[in-house]
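Fair warning: this is a prediction, and the values are worked out from it, not measured in the lab.
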Amino acid sequence: MRSLYNLLSIIIMKRKNLRILLMGACLSVTTAWAQFPMGGPQGRPPFGRPVARAPKPVNSPLIVCNADSTVTFQYRNDKAKKVQVDVQFAGRHDMVRDASTGLWTVTLGPAAPDMYPYCFIVDGVSIMDPLCDQYFPNEGFKNSLLDIASRQGPMVHDVTDVPHGRVEYVHYYSKSLGATNNAVVYLPPSYAMSRDRHYPVFYLISGTTDTEEVYYKVGRVNYIMDNLVAQGAAQEMIIVLPYGNPFLLSPAPREGGGMPQLQFGGDVFSRDLNEDLMPYIDSNYRTLADRDHRAIGGFSRGGNQALFNGLSHLDKFSYLCSYSSFTSTDIPHVYDNAGETNSLIHLFWLGVGTDDFLYGNARDYMEFLDKKGIRSVKEFTHDKYGHTWMNARFFLDRTLRLLFNPVAADGAMRHWKPAPEASGQEPQFTPGVMARMFPKPIISPEYQADAITFRFKAPDAQQVLFVSELQQEPMAMKKDADGVWVIDISKGQTGQQTWPTFTYYYLVDGTPVADPNNMYLSPAKGFKPSVCSHPQERYSLASMGDIEHGRTGYDLNSGEAWYSSPITKNRVRPTFVQLIPGEGDTMESWFKVGGADVMADVLIAEGKTKPCIITTSKLDFLHPVFGPQPDVKVKTLRADDYKTWDERRKALEKLLLSL
């Protein structure tokens, strides 16, 4: 009997127009699957799939990118009294309802080719475009994404016909946090095939209120890297996207008030990065674990975190990048030892837009470095609308070309220039600006042992209803003196002894709205409700504890997701579990709402199920050439056979327990 890897290699390579790299497996390999936990030595995933001629992401069907570079926004809502669109290349504008079509519409621009966040403001309430699949992952605001293609050829962040790397979502137990944390990991195209090669690592951190997904889904770091590597313009590297605000995941109460994610030194993020995440990455991936092969960078708050941690740990990092940010001028043994500091830093790169509200602070920091004799590369933009992800992508492209390339980095550092002279008119990030941009947060959902409180601020709304999978009918919410609508859901109302995971949304004067205070969205097609998972729920991240985890890989272009089990001592051949998404689901839904990866991790750790590979792929490549294979076990579960995610999760649990 051929090994499973050999079998899959032969089958897949005979399929027309489909190229799959099987983690170093080829026709001459005779090693059995049992020798390849997690798909391969040192934890390689089972499949890395270079996508050829992958389609560009599709915008909302009602959004029209016109030949004159303007954009026509359209939105359907017969109950709205006033609708506006807010898009970063034009700001906020009123829309007009066309009586003949019933569509609210406005044409804006012209706009330069790029990717822009946007939302609709319906009677004063911000909502995502219900017809747009692409969205901006964020703790707070909920925006859709508009992708304006260039007529002059592909942009650096476009999906092109080149070998593509793999993006993995990982969970790891953080002792610093006392809870499970998340990260996204990009592996370069050659990682799948080069069993013995080790790679440098770039830790890349998103901004305030962003999640770990933003540099992937909005920053497009994976596609930028794929294109640069294919052009020979960048070195291959592993890129790690941490979650920059882990205090939200901590079971410990907040201390001292304020915004802990903006406090550095003994902060949770810095401890987690240095004591938990970096050791996890070095243990589970083939890294070059020394300062010459480690970089750190970030946008906005992430730039602050990157500079602070990089300068505080020059024994660990030698490439430092800040995009639209600055950091503390009081880091011991760094600024007053310019000669030693300069000798330790291969690249110190600082970029900011002159129209950014942080420009004054960033320029002042550059001038401070100049006066201390510390060299830095400085770059400025003037046309990317200030503190935006258009700038973040541009700066990322500029620095990826220099990272882990000593010749290019040294050339850039040798040609450094001093900071521009201050005019006295530069915008500054003051406490007043911070209070305006980051008002007192509304906590929703707020969890108690026997109840969950939901809150939504809409002072001008006449009626807000709470709609969820738990109740057959919407429930009326009550408005308090501050214009915040509130409802408490008790455990008894669920009809169950334990808290289920469920989706919900608010119906605001007839308009469905996701909870703007809940970072967890159902990645559905069309309208995306929020996801509620009580910390006491058996398969929530908060209740997982210190266990081993598998990894989940998403391919947004092929529409497939794969989970592979953590390494097991007995090296048992895994079973394939095929999860068929529902009619309104995406390939992410079974994982981000159904909790398939978390459930498998927990049950495997408890010894209640066997190693498995869970996928949303059709798995037709297992049978097209040789027919069904007796040593390949596949179990299938269809989402549309069940009405709610609670029912789906229970069915999945039953299936996993039967392996």
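Shown here are the side chain to side chain donor-acceptor pair (under 3.5 Å) partners of T211, two or more places apart in sequence or in another chain: there are none. The salt bridge (Lys or Arg N to Asp or Glu O under 4.0 Å) search around K592 returns E213, E588, not counting sequence neighbours. A search for side chain to side chain donor-acceptor pair (under 3.5 Å) contacts involving D282 returns T287, R294, not counting sequence neighbours. When the ring-ring contact (aromatic ring centres under 6.0 Å, His included) test is applied to Y135, no partner is found at least two apart in sequence or on another chain. Applying the ring-ring contact (aromatic ring centres under 6.0 Å, His included) criterion to F348, with sequence neighbours excluded, gives no partner residue. Legend: residues meeting ring-ring contact (aromatic ring centres under 6.0 Å, His included) with F404, ordered by chain and number and at least two apart, are Y319. For D410, the salt bridge (Lys or Arg N to Asp or Glu O under 4.0 Å) test picks out R414, with sequence neighbours left out. Contacts of Y199 classified as side chain to side chain donor-acceptor pair (under 3.5 Å), with partners at least two apart in sequence or in another chain: S190, S194. Judged as a ring-ring contact (aromatic ring centres under 6.0 Å, His included), and not counting sequence neighbours, the contacts of F299 are H387, W389. Legend: residues meeting side chain to side chain donor-acceptor pair (under 3.5 Å) with N143, ordered by chain and number and at least two apart, are absent.
Within the structure, salt bridge (charged side-chain N to carboxylate O under 4.0 Å, His left out) contacts touching residues 305-324 (residues at least two apart or in different chains) do not occur. Applying the salt bridge (charged side-chain N to carboxylate O under 4.0 Å, His left out) test to residues at least two apart or on different chains, the pairs with a partner in residues 232-246 are R197-E236.
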